[in-house]
Number of protein chains: 8
Amino acid sequence: MGSDTDLTTMVGAADVLSSFGVPNEVRVLSAHRAPARVAEYAGRAQERGVKVIIAGAGMAAHLAGAIAANSPLPVIGVPLNPSAGGLGGIDALLSTVQMPNGVPVATVGIDAAKNAGHLAARILAAFDPALAAKIALHREATAAEVISKDARLKEMGVDAFLAERGETGG
Amino acid sequence: MGSDTDLTTMVGAADVLSSFGVPNEVRVLSAHRAPARVAEYAGRAQERGVKVIIAGAGMAAHLAGAIAANSPLPVIGVPLNPSAGGLGGIDALLSTVQMPNGVPVATVGIDAAKNAGHLAARILAAFDPALAAKIALHREATAAEVISKDARLKEMGVDAFLAERGETGG
Amino acid sequence: MGSDTDLTTMVGAADVLSSFGVPNEVRVLSAHRAPARVAEYAGRAQERGVKVIIAGAGMAAHLAGAIAANSPLPVIGVPLNPSAGGLGGIDALLSTVQMPNGVPVATVGIDAAKNAGHLAARILAAFDPALAAKIALHREATAAEVISKDARLKEMGVDAFLAERGETGG
Amino acid sequence: MGSDTDLTTMVGAADVLSSFGVPNEVRVLSAHRAPARVAEYAGRAQERGVKVIIAGAGMAAHLAGAIAANSPLPVIGVPLNPSAGGLGGIDALLSTVQMPNGVPVATVGIDAAKNAGHLAARILAAFDPALAAKIALHREATAAEVISKDARLKEMGVDAFLAERGETGG
Amino acid sequence: MGSDTDLTTMVGAADVLSSFGVPNEVRVLSAHRAPARVAEYAGRAQERGVKVIIAGAGMAAHLAGAIAANSPLPVIGVPLNPSAGGLGGIDALLSTVQMPNGVPVATVGIDAAKNAGHLAARILAAFDPALAAKIALHREATAAEVISKDARLKEMGVDAFLAERGETGG
Amino acid sequence: MGSDTDLTTMVGAADVLSSFGVPNEVRVLSAHRAPARVAEYAGRAQERGVKVIIAGAGMAAHLAGAIAANSPLPVIGVPLNPSAGGLGGIDALLSTVQMPNGVPVATVGIDAAKNAGHLAARILAAFDPALAAKIALHREATAAEVISKDARLKEMGVDAFLAERGETGG
Amino acid sequence: MGSDTDLTTMVGAADVLSSFGVPNEVRVLSAHRAPARVAEYAGRAQERGVKVIIAGAGMAAHLAGAIAANSPLPVIGVPLNPSAGGLGGIDALLSTVQMPNGVPVATVGIDAAKNAGHLAARILAAFDPALAAKIALHREATAAEVISKDARLKEMGVDAFLAERGETGG
Amino acid sequence: MGSDTDLTTMVGAADVLSSFGVPNEVRVLSAHRAPARVAEYAGRAQERGVKVIIAGAGMAAHLAGAIAANSPLPVIGVPLNPSAGGLGGIDALLSTVQMPNGVPVATVGIDAAKNAGHLAARILAAFDPALAAKIALHREATAAEVISKDARLKEMGVDAFLAERGETGG
């Protein structure tokens with residue numbers, strides 16, 4: 001990530017990967033404040049055995065693009081919406097996704113660090129049956145949870161369901 | 001892709017993959033007009049040996065998301081800007097990238113089908129040294145082309161350079 | 001709705017329908033996390049006697065479109081603006097309304113679940129004189145309320161009117 | 001529609017309805033230039049036996065809302081993007097969809113007059129089995145067309161398929 | 001205004017007019033919930049001696065346009081940004097300003113009810129030298145206040161100036 | 001207007017005023033390239049007997065605001081969308097309408113120079129019964145034209161109506 | 001700056017300059033409420049020895065443009081996002097950056113007053129080796145800080161790093 | 001510039017500088033396709049005697065930011081709107097202007113390469129009285145041209161003025 005202030009959001013990517021047993025490392029690398037380090041890190045990632053790089057940054061978010069420019073690996077970009085910003089992250093989204101031909105960034109939604117983790121896991125699982133099995137289980141569990149909530153809502157009724165969550169309809 | 005009218009743009013993804021020697025198939029599948037086929041295709045892709053799926057669609061672009069919902073494979077989404085549209089593709093971009101947690105779409109830029117091909121190639125190359133070598137060559141060639149144009153521009157001067165392309169500065 | 005976290009907003013649709021005596025059911029169905037259930041539910045709704053389906057979802061909101069793709073019934077879409085989002089719901093609005101030809105979604109305003117209930121009631125009332133009469137009464141009451149507030153404001157004056165509501169002008 | 005200059009687009013709604021055998025009338029009614037006529041038309045539509053009203057307008061598109069304010073019928077709004085405009089129809093979309101509570105407009109996509117016809121047909125078909133059967137046939141034909149194009153593309157290959165349409169990939 | 005919930009903001013227009021000694025009336029009139037009253041009020045305003053009408057509304061803000069459609073008077077529109085909305089008032093701005101030819105609305109900024117009062121005062125003052133004199137005095141006072149703050153800031157220094165306001169720089 | 005390249009559009013305002021017999025003058029004044037002239041013109045307009053000023057400018061459109069800052073008269077702003085621009089005039093709209101308190105600009109739609117003429121005529125007519133009568137006639141003629149087109153469309157049918165205009169439905 | 005309410009943000013520019021030992025003055029000057037003072041200040045700045053002017057304003061932000069129109073000096077514009085505004089500062093950004101040819105404003109990010117200070121320092125340092133040396137030191141310190149945080153994060157691990165800041169991952 | 005396809009626009013910056021007699025060089029440097037060259041060029045520019053760098057790029061426009069990250073010089077960014085793009089350059093604008101603290105880019109308007117030249121000239125002129133004199137002359141000539149056009153328009157009348165340009169009002 002581009003700044004340690006992004007860590008609270010970006011740790012979500014690492015958490016998802018760890019929950020699937022995928023080893024990962026979390027780094028602070030700034031395309032604008034320490035560009036040589038970004039180029040060096042990106043340039044050596046492949047030979048270090050890294051398979052996918054996730055990069056999160058806000059505003060004029062260049063980090064993912066800078067890494068994709070310096071590495072042949074697939075790079076996932078997470079556009080961040082800093083709490084003080086007023087553009088809702090659209091600046092970071094466009095700065096991340098609208099890359100020139102030949103230097104793609106696999107962009108996920110605004111602040112979607114967890115989904116970046118899921119995307120990285122899908123990429124690795126395409127070549128790792130054991131990981132694919134774990135993901136399949138997770139997908140089944142997610143579907144089951146939706147179905148179970150639907151059943152529970154039907155059983156309890158809307159008012160009781162909301163009351164259990166401490167809310168009222170509006 | 002969601003409609004054969006998108007083929008002119010989307011064939012760019014296939015062209016890039018073919019140029020790297022990556023086998024690929026081009027399909028017309030509509031999440032809204034023939035949804036069962038999308039679910040069936042996505043649900044069976046992994047067992048057929050597909051490693052990455054690229055989906056391009058315009059407007060309320062649901063195709064990439066529908067495939068990601070029905071397959072554990074990495075899905076690359078290309079937001080398309082139909083020539084008749086007036087929103088410039090921002091509708092397709094947001095419909096493609098803002099996916100819920102657990103169902104990521106690796107989104108590239110608007111109409112960036114070629115970059116989707118490059119991204120797919122990077123994903124495959126992370127596990128295929130021969131492909132990685134081809135991509136490395138291509139990246140070097142691309143860099144060399146920029147450097148050569150820079151040198152040529154310096155040598156010829158701006159006016160001659162533009163004249164050669166049949167343009168004048170403005 | 002696509003997630004039970006949307007229930008607090010979406011219950012407004014059910015409340016409006018219930019207030020007109022229209023029977024309705026509230027379901028949790030996710031186009032992305034449990035897509036087969038959505039297809040099954042939508043595919044069987046008509047034969048179960050459902051006349052209108054209201055679907056609410058946020059971000060890359062595909063639920064209404066997925067239902068319209070799998071059912072011939074009129075589908076009303078409610079674009080939701082999750083509290084954590086920064087785009088104000090414009091992503092969900094475009095993902096819901098910009099549907100391809102032949103698969104329309106009757107889209108209401110952002111977070112306008114109650115209005116979705118009113119729209120569903122209008123659709124049913126076009127073929128149900130008793131319901132039409134109830135809606136006519138409600139419309140008259142709404143108009144009367146505006147007129148009464150106007151009269152009250154004229155009578156009390158702005159300061160007293162605001163004071164009664166515990167506010168001051170700004 | 002609000003202006004006869006919108007007729008070229010809006011006739012698409014009538015064409016779709018006529019193709020399903022649904023009787024319809026096409027009117028020019030301006031919420032801003034002849035507002036009393038709009039109120040009168042809307043106020044009497046229900047007693048004339050009208051079941052659904054489709055209204056198309058551009059820019060600060062008030063027509064659909066003005067009709068919904070003066071009639072209890074379901075009103076479908078088509079936001080139009082006049083060719084001279086530069087906002088791509090986002091002004092008309094927001095002016096049509098963001099209606100206050102109790103006065104909903106069933107909004108379709110920008111310039112999506114045909115989809116308004118499809119939506120009106122779906123509403124009527126919910127209470128008309130013969131119409132429902134026609135719509136079911138149309139939906140099957142649409143799905144079959146996508147599947148057939150997919151098959152044809154597979155058979156011919158991309159280049160021949162594009163050549164047949166007089167295009168080349170880009 | 002379209003709803004009494006807008007009164008807190010819209011009273012600013014009345015306050016500015018009253019501060020210049022301009023008689024004014026504050027009304028609640030809804031273009032969507034009680035449209036006949038709007039048409040009636042607008043249609044009779046000129047004969048009642050009204051010179052300018054200020055209309056404020058949010059979301060698909062039709063009130064100002066509906067009044068301009070029913071009255072030959074100059075109409076000032078205030079696009080409102082309801083606190084619950086997420087689009088920041090851009091919907092109301094476009095719904096108010098993008099009027100068709102022949103039916104203009106003099107639009108001020110989002111939530112700028114006070115500025116609507118100032119604009120109405122300027123319009124009246126163009127034909128009322130006594131009012132023009134009051135406005136001239138107010139403009140001089142406003143300019144003097146800026147100049148005085150500038151002088152005070154220079155004298156006190158930034159830190160003391162901020163401290164006096166109970167703030168610190170950031 | 002800020003540049004003579006805007007004259008083709010802005011002459012629409014003068015044409016409307018002239019059609020109502022309202023004397024007017026057309027000037028080229030640039031807030032950015034000749035600011036002292038703008039201040040001088042605006043500062044002396046009231047004493048020269050000017051009642052309303054219409055200002056049109058594109059991009060960071062400051063002209064209307066600069067005039068409103070230097071004159072107590074009502075100022076109408078026309079945001080222009082230069083043909084070479086890609087933002088559709090939203091930059092000029094926001095630069096014109098979002099004025100600070102006390103310095104309002106009566107903003108009309110993008111490129112709506114004719115509507116600026118209509119708005120100026122309405123302002124003058126509020127104090128000029130003869131002009132008010134001309135505007136009333138024009139409003140009646142406009143309404144009659146819509147009603148006549150509606151009648152003609154009903155009589156001819158859609159196809160003949162479009163054929164007469166040399167168009168076909170789409 | 002255009003208003004003393006902007007001082008809390010704009011003092012950041014002065015703080016950065018002061019931290020580099022660059023003399024500066026902070027002024028309140030309003031393009032709309034006291035335009036003659038702006039013209040006078042801008043017109044005399046060069047002869048007073050000023051080298052760069054930083055101007056911050058919100059909404060229809062004309063201040064930077066008005067200064068650039070009245071002075072040949074480089075002008076840096078800071079678009080401000082007032083806390084009460086809902087457009088996130090995009091209005092101020094477009095009003096500041098989209099200047100006509102010949103009258104440029106060097107625009108920095110929304111609310112980026114500190115960056116305006118850094119930009120002014122870079123401009124001055126291009127002609128002042130001592131200042132350039134201070135900036136070089138600052139750039140090295142900034143890079144070192146990123147590298148040190150990266151090292152510390154690797155050493156402590158994510159959980160401990162977040163705990164030290166009183167946060168937990170989300 | 002980031003690509004030689006941008007040369008037609010970007011040569012405008014060089015033309016303005018050359019017209020003031022300011023030596024300049026035009027280079028093709030891509031932050032994404034040849035990043036090491038950008039870092040090397042930027043890192044050595046100061047020691048080569050460069051005073052200001054102008055960088056133009058489109059879409060996710062990182063070039064200006066990448067140069068500002070690798071050089072202490074003032075960097076001017078020109079957001080470009082490629083003719084094939086549909087977002088009007090807002091992506092490039094946000095990618096260029098929303099830079100993090102400490103790494104500012106002096107951003108000019110979309111496609112405003114000439115204005116980048118003017119801004120660079122102003123920066124140099126702040127320390128070069130001879131250049132300042134040339135700029136002063138140019139500013140006077142520009143103001144005189146506006147005033148002359150205004151006089152000519154008054155003299156000729158609108159119709160003759162437009163006719164001379166081969167246009168008619170609309």
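Convention: sequence-line order gives letters A, B, ...; per-chain numbering from 1. Side chains are part of it too, since the values below use all heavy atoms of this structure and drop only hydrogens, waters and symmetry mates.
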Taking all non-hydrogen atoms of both residues into account, name the closest pair between D:S95 and E:S95 and its distance. OG-OG, 3.0 Å
Residue D:A31 versus chain E: region with a heavy atom under 4.5 Å: backbone
So, taking the atom named NE2 in D:H62 and the one named CD in E:Q98, what distance separates them when rounded to the nearest 0.5 Å? 10.0 Å
For D:P100, which atoms come within 4.5 Å of any heavy atom of chain E: side chain, backbone, both, or neither? both
Enter the distance from E:T96:OG1 to D:D91:CG here, rounded to the nearest 0.5 Å. 12.0 Å
Measuring heavy-atom distances to chain D, does E:A68 have an atom under 4.5 Å in its side chain, in its backbone, in both, or in neither? neither
Considering all heavy atoms, the nearest E:A60-D:L94 contact: CB-O, 3.8 Å
